[in-house]
Number of protein chains: 2
Amino acid sequence: MEWTIQELAARAGITSRTLRHYDRFGLLAPSRVGANGYRYYGLGAVARLQRILLMRRLGMGLPAIAEVLAEEVDEHDGLRAHIAALEEERDRIEQQIRSVRHTLEALQAGVEPRMDVMLAGFNDRYKDEVISRWGERAFQVSNDWWHGKTLEQQRAWKQASEDLVAAWVAAARAGISPTSARAQTLAARHVRWLSEIPGTPTADGDRERSIAMVKGVGDMFVDDPRFAAMYEDAAGAVFVRDALHAYARTRM
Amino acid sequence: MEWTIQELAARAGITSRTLRHYDRFGLLAPSRVGANGYRYYGLGAVARLQRILLMRRLGMGLPAIAEVLAEEVDEHDGLRAHIAALEEERDRIEQQIRSVRHTLEALQAGVEPRMDVMLAGFNDRYKDEVISRWGERAFQVSNDWWHGKTLEQQRAWKQASEDLVAAWVAAARAGISPTSARAQTLAARHVRWLSEIPGTPTADGDRERSIAMVKGVGDMFVDDPRFAAMYEDAAGAVFVRDALHAYARTRM
DNA sequence: TTTGACCTTGACGCTGCGTCAACTTCTAGC
DNA sequence: GCTAGAAGTTGACGCAGCGTCAAGGTCAAA
């Protein structure tokens, strides 16, 4: 089975100009070129084009796509990678559907949509954000750490986290100052809690970056509504942030 | 909750430049602009941005997106449309996953992948193709016609179609000529069968376009592997095409 | 043999941003 | 209150990825 440039373009939903562009660019050569110069596309070209179009829709540039395709020695691996990328994309879209549904339902109920859920719509970047802040290795390590725990251990860690949150909420409600002894004791507990996660600067003993991280974590409570929600309201989140900032300044 | 331009950009996975571009373009204005000229984005802006980014990924241009958003009077309808678009997108991706899986399995089994399944990967354009060939109205009418039938009627029509296909296959196997009486009788039956679908030129009595359509349908049996597969092999599809072409030339 | 549809190779143009540059404004720590 | 550095602003220029002619060759059907 073989197609002319127009036939393939029509089925792929692009123009023949695009196919010529890819040819010129060295990204997708026709399977066969007639003596008259006509381009004919066969099986391999169709599969390759599908992969190219997927990556283009993910926002990749042509040079990046060429690189990916060039690195693939095995055709099977390439197709498997393609499937994996598609599945990831599908999951992302389903996440977005849930996100928009929530926004719609909140709107109909007359309440404000929760920002954390709304933001989940495009949070494929959250991971990137974490990585750029604390490094790729930190992300990998702490990820492995979490998945390396038993279910029982995971539950225990979650429980400890929730206890900490509850303590923060109680302190915030008590109306004490973020620099008070009680708040600072909680901050110390918070830092110890953080240091249990390997791969983070606190666990590694890097003082400079530890301070930056503790402050950064504090900021997250205010900036990132997913955390703000945990602490009941904005005031609580601000309290946690201030306490952590004070702790980082005075005791680290 | 309110974000600065960078905060929103980071979470959306774009740059602040893009947000400024959208503002300048009149596509997404900040919820509030400080006395200092700073842009601040709130709830509405976030939801709108999500919609914009979705449409961008679907390949729409900024003017087209602006038009869509401008037409939406009701915010609820907009969100519902967004969900519908996302679901369609998800279905398309799942279709593609099946398509690529098939290609991979065929490759592993050492057989040729079926082109119809491969092409299903990007066949959101098939509908467009049909429309551009026979017109929007024709598509609408025949679509309504099909969905207006009872389940029993649909089964009956499908049965008639399969009988026709079986007759074609038998004729092709018999090794007769496409211009023979038997083949031409079948062609006539095929045309009658086509004319049952309202909205097509044959049903409307438009002779010129009827001939074009019958020929076009004939070509589809060879060009479009989904039909070729129905007729068992390429030779069968060629037989059907030649018979239909001959019929259109001599008897219409 | 002609007609019309489809192919080819340039070449120029547009859209959607990326990327300085030059300047102002805000925030944190002394 | 002052200063450094991060983040904000408005131009302006540049580039990638095609769209869109223009000026021809090729092919299939009548």
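Below, read A as the first sequence line, B as the second, and so on, with proteins coming before strands; counting in each chain starts at 1.
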OP1 or OP2 of [N] versus the side-chain N and O atoms of [X]: is any pair under 4.0 Å?
X: B:Asn36; N: C:dC26; answer: yes
X: B:Thr18; N: C:dG18; answer: yes
X: A:Arg56; N: D:dG17; answer: no
X: A:Ser16; N: C:dC6; answer: no
X: B:Arg39; N: D:dG8; answer: no

Using heavy atoms to find the nearest nucleotide of DNA chain D for B:Gln6 and A:Gly61 separately, return the residue whose nucleotide is more 5′.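 Result of the comparison: B:Gln6.
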
Whole-Å gap separating [atom2] ([N]) and [atom1] ([X]):
X: B:Glu7; N: D:dA6; atom1: CD; atom2: P; value: 16 Å
X: A:Ile5; N: D:dG25; atom1: CD1; atom2: C1'; value: 15 Å
X: A:His21; N: C:dG10; atom1: NE2; atom2: C1'; value: 15 Å
X: A:Ile65; N: D:dG17; atom1: CD1; atom2: C1'; value: 11 Å
X: A:Met60; N: D:dG17; atom1: CE; atom2: P; value: 11 Å
X: B:Tyr40; N: C:dT25; atom1: OH; atom2: P; value: 12 Å
X: B:Leu19; N: D:dG8; atom1: CG; atom2: P; value: 11 Å
X: A:Phe25; N: D:dA16; atom1: CZ; atom2: P; value: 9 Å

Within 6.0 Å of [atom1] in [X], more than 12 heavy atoms from elsewhere:
X: B:Glu2; atom1: CD; result: yes
X: B:Glu72; atom1: CD; result: yes
X: B:Glu87; atom1: CD; result: yes

query = Pick one: which of B:Arg90, B:Arg57, B:Gln96 meets side-chain hydrogen bond (donor to acceptor under 3.5 Å, both in side chains) with A:Glu89?
reply =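 The option that passes is B:Arg57.
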
- Any side-chain heavy-atom pair from A:Leu49 and A:Leu19 closer than 4.5 angstrom? yes

Note to self: Suppose we call a contact any N or O donor and acceptor under 3.5 Å apart; does that hold for the side chain of A:Arg17 and the base of D:dT20?
What the structure shows: yes

Give a yes or no on whether a donor-acceptor pair under 3.5 Å exists between the nucleobase atoms of D:dG17, that is its base, and the side chain of A:Tyr22.
no

From [options], pick the nucleotide closest to the side chain of [X]?
X: B:Thr4; options: D:dG17, D:dG8, C:dC6; answer: D:dG8
X: A:Leu62; options: C:dG16, D:dG17, C:dT25; answer: D:dG17
X: A:Tyr38; options: C:dC6, D:dT10, D:dA7; answer: C:dC6
X: B:Thr15; options: C:dG18, D:dA7, D:dG17; answer: C:dG18

Problem - Closest contact, heavy atoms only, A:Ser16 versus A:Ala9 - result: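 Scanning both residues completely, I find the closest heavy atoms to be N-CB, 3.7 Å.
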
| Looking across every strand, which nucleic acid part, if any, lies under 4.0 Å from A:Gly34 by heavy atom: base, sugar-phosphate, or nothing? | nothing

